[in-house]
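To start, the structure under review is shown below, and the notes come after it.
Start at 1 and go down the list; that is how both ligands and their atoms are numbered.
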Amino acid sequence: LTARGIAVYLEDADPDAAHTAASLGAGTTDEPSEPVDLAIVAVPPALVGTVLADCQRRGLARSYTDVASVKAGPRAEAVALGCDTAHYIGGHPMAGREQSGPLAARADLFEGRPWVLTPTADTTTETLNAALELVALCGAMPVVMDAGAHDRAVALVSHAPQLFSSLVAARLEHADETAVRLAGQGVRDVTRIAASDPRMWLDILSANAGVVADVLEELAVDLNTAVGALRSLAGDEETGRRKGTDGIESVMRRGNNGQARIPGKHGAPPTRYETVVVAIGDQPGELGRLFREAARAGVNIEDVAIDHSAGRQVGLVQLSIAPTATHQLVSALVERGWDVRD
Ligand SMILES: NC(=O)C1=CN([C@@H]2O[C@H](COP(=O)(O)OP(=O)(O)OC[C@H]3O[C@@H](n4cnc5c(N)ncnc54)[C@H](O)[C@@H]3O)[C@@H](O)[C@H]2O)C=CC1
Ligand SMILES: O=C(O)C(=O)Cc1ccc(O)cc1
């Protein structure tokens with residue numbers, strides 16, 4: 001926001017957090033001399049109601065929003081505390097990091113990401129417009145939803161996946177070192193968010209517990225079915241093995257179908273990318289050199305992942321590119337001596 005010329009006033013219960021954010025260029029810790037256009041309440045979900053009530057009592061802003069990952073509970077609390085709900089609109093930017101705090105902040109975090117807004121019948125146009133302007137300034141895409149529908153949606157696409165990632169990673173806690181060392185890209189992808197802050201997630205999950213439990217209960221039914229199918233596959237009996245094969249194939253295909261529905265970059269329809277794998281030396285500047293090579297060939301890199309070979313001084317870089325650009329990139333890289341893998 002400061003980069004876009006907006007005056008930002010920072011306040012935090014922990015003065016160190018506010019000063020760190022200010023020193024990173026996020027705004028000033030001075031108090032505003034008059035009510036601001038929009039106050040953004042960025043505290044754990046369970047505190048949104050009380051902090052909003054306090055900000056409104058102090059007359060800090062003309063409009064108010066929040067960024068909590070859960071929407072129905074904070075709204076109910078705001079109503080119960082007698083907040084002015086006409087000048088408050090719930091908000092949730094759908095992007096985050098494994099770490100919290102000002103040092104983990106990034107100015108481009110919300111670019112191209114959905115930002116849910118939950119106006120109600122009494123929300124004023126001024127407040128809706130202030131929130132829409134905030135979303136636009138952050139380069140995000142506004143999505144208007146009802147608070148309850150939002151909470152069910154994020155249980156499915158964010159909260160249950162978070163717990164599942166933690167559960168998969170928890171299997172590794174006491175696993176044999178030789179097993180953990182074999183970890184490849186698959187388990188890294190599935191467990192990336194297991195590195196998240198437990199306190200922040202406890203706040204989020206407590207505020208949406210029942211809805212998340214519903215999703216996990218359905219998942220548990222599927223898990224039991226998969227276990228049954230694998231037991232059948234492990235047996236000697238022919239019909240059981242056939243049933244097991246069908247069961248696992250069905251899970252895999254349903255997974256393919258669900259995965260294919262996840263939107264591509266900037267909310268565009270899902271896109272199929274081709275992956276070109278290049279081995280690079282584990283030394284400074286190699287990745288930059290590879291990216292410049294792709295740019296010289298006129299190829300846009302849509303996504304990138306790096307797999308480090310255990311104990312070897314090479315990395316396997318997986319470049320995701322448009323299928324039509326594969327030949328162009330591969331021939332340019334081979335011509336210039338890169339080690340392109342099949
Ligand atoms: N971190 C993430 O990935 C995402 C978080 N959110 C939501 O954003 C909100 C904030 O989360 P983070 O920034 O990650 O947490 P954070 O822990 O980095 O920031 C929360 C800040 O609120 C301050 N605070 C606590 N009580 C306060 C009070 N009474 N008055 C003033 N300040 C107070 C804390 O000192 C802390 O600096 C949460 O509601 C979370 O659900 C939303 C999207 C993504
Ligand atoms: O890590 C990611 O990819 C996320 O998208 C994290 C995240 C965490 C909490 C939210 O309320 C929204 C997004």
Side-chain angles (χ1 to χ4, degrees), residues 9-22 24 26-27 29 31 39-58 60 64-75 77-78 81 90-118 134-135 138 140-141 143 145 147 150-166 169 188-209 211-212 262-263 265 267 303 305:
Y9 298 89
L10 303 162
E11 187 179 291
D12 199 294
D14 170 6
D16 285 347
H19 284 120
T20 306
L24 291 168
T29 52
E31 289 224 1
I40 306 165
V41 177
V43 298
L47 295 176
V48 169
T50 46
V51 174
L52 175 67
D54 183 53
C55 291
Q56 288 192 335
R57 190 186 44 74
R58 291 160 61 201
L60 281 184
Y64 299 82
T65 188
D66 73 300
V67 292
S69 309
V70 183
K71 299 271 56 90
R75 163 162 290 277
E77 261 157 43
L81 290 167
H92 180 202
M94 289 304 303
R97 306 217 39 207
E98 292 89 272
Q99 305 113 18
S100 290
L103 291 172
R106 273 195 2 217
D108 62 355
L109 186 62
F110 306 122
E111 238 162 61
R113 304 300 300 262
W115 189 313
V116 178
L117 295 174
T118 57
L134 167 70
V135 175
C138 294
M141 296 169 310
V143 179
M145 283 179 94
H150 163 275
D151 290 357
R152 286 188 295 279
V154 290
L156 189 66
V157 303
S158 176
H159 304 174
Q162 171 61 51
L163 268 179
F164 210 70
S165 172
S166 299
R188 277 173 224 265
D189 285 350
V190 172
T191 57
R192 178 181 65 82
I193 51 177
S196 298
D197 178 2
R199 281 167 311 128
M200 179 187 104
W201 275 99
L202 189 59
D203 287 338
I204 295 174
L205 293 169
S206 318
N208 207 20
V211 186
V212 180
I262 297 173
K265 274 208 307 192
D303 209 346

**Report entry** Under 3.5 Å donor-acceptor, T191 side chain and S165 backbone
**Finding:** no
Query - Contacting atoms of ligand 1, where contact means under 4.0 angstrom from a heavy atom of I204 - result: 41 (O)
Report task. Flag the pair H19 / T29 as yes when at least one side-chain heavy-atom distance between them is below 4.5 Å, and no otherwise. Result -> yes
Requested in this report: Provide the number and element of each atom of ligand 1 under 4.0 Å from a heavy atom of G101.
Outcome: 18 (O)
Report summary line: One should read off an interatomic distance between L81 CG and L52 CG, to the nearest 0.5 angstrom, of 8.5 Å
Query raised in the report: Considering only protein heavy atoms, which is closest to atom 29 (N) of ligand 1, and at what distance to one decimal place?
Result: V51 CG2, 3.5 Å
Query raised in the report: Heavy-atom distance under 4.5 Å between the side chains of R199 and P44, does that happen here?
Result: no
Starting from the N and O atoms of ligand 2, collect every protein N/O partner closer than 3.5 Å and put each pair on its own line with the distance to 0.1 Å.
residue: ligand 2; atom: 3 (O); partner: R192; partner atom: NH2; Å: 3.1
residue: ligand 2; atom: 11 (O); partner: S69; partner atom: OG; Å: 2.7
residue: ligand 2; atom: 11 (O); partner: H92; partner atom: NE2; Å: 2.6

Query raised in the report: Under 4.0 Å from any heavy atom of H92, which atoms of ligand 1 are there?
Result: 42 (C), 43 (C)
Report task. Say whether R199 and ligand 1 are in contact under the criterion: heavy-atom distance to a ligand atom below 4.0 Å. Result -> no
Query raised in the report: Which distance, rounded to the nearest 0.5 Å, do you find between the CE of M145 and the CG of D151?
Result: 9.0 Å
Report summary line: for atom 3 (O) of ligand 1, nearest protein heavy atom and its distance come out as G96 CA, 3.1 Å
Requested in this report: Calculate, to the nearest 0.5 Å, the distance between atoms CE and CD1 belonging to M200 and I204 respectively.
Outcome: 3.5 Å
Requested in this report: For D66, check side chain to side chain donor-acceptor pair (under 3.5 Å) against everything at least two apart and list the hits.
Outcome: K71, Y88
Query raised in the report: With side chains defined as the heavy atoms from C-beta onward, is the minimum distance between V70 and V154 less than 4.5 Å?
Result: no
Query raised in the report: L24 versus L103: any side-chain heavy-atom pair under 4.5 Å?
Result: yes
Query raised in the report: Can A95 be said to touch ligand 1, with heavy atoms closer than 4.0 Å?
Result: yes
Report task. Do me a favour and list the nearest non-hydrogen protein atom to atom 14 (O) of ligand 1 with residue, atom name and distance? Result -> S100 OG, 3.1 Å
Requested in this report: Report the nearest protein non-hydrogen atom to atom 25 (C) of ligand 1: residue, atom name, distance rounded to 0.1 Å.
Outcome: L47 CD1, 4.0 Å
Query raised in the report: Heavy atoms only: which of D197, L10, D12 is nearest to atom 37 (O) of ligand 1?
Result: D12
Query raised in the report: With R57, which residues qualify under salt bridge (Lys or Arg N to Asp or Glu O under 4.0 Å), at least two apart?
Result: D54
Query - Atoms in ligand 1 with a heavy atom of P93 nearer than 4.0 Å - result: 43 (C)
Query raised in the report: For atom 11 (O) of ligand 1, what's the nearest protein heavy atom and its distance?
Result: M200 SD, 4.6 Å
**Report entry** Heavy atom of the protein closest to atom 6 (N) of ligand 1 (residue, atom name, distance)
**Finding:** S69 OG, 3.5 Å
Requested in this report: Please round to the nearest 0.5 Å and tell me the distance separating atom CG of D108 and atom CZ of R113.
Outcome: 11.0 Å
Query - L134/W115 under side chain to side chain contact (heavy atoms under 4.5 Å, CB included): CA gap, chis, key distance, verdict - result: CA-CA 10 Å; L134 167 70; W115 189 313; 3.6 Å; yes
Query raised in the report: How about L205 and H159: do any of their side-chain heavy atoms sit closer than 4.5 Å?
Result: yes
Report task. Just need the protein heavy atom nearest to atom 7 (C) of ligand 1, so name the residue and atom and give the distance. Result -> V67 O, 3.3 Å
Query raised in the report: Of all residues at least two apart in sequence or in a different chain, which pass the side chain to side chain donor-acceptor pair (under 3.5 Å) check with S196?
Result: Q162
Report task. Specify the protein heavy atom at minimum distance from atom 9 (C) of ligand 1: its residue, its atom name, and the distance to 0.1 Å. Result -> V43 O, 3.6 Å
Requested in this report: Return yes or no for this condition: an N or O of A13 is under 3.5 Å from an N or O of ligand 1.
Outcome: yes
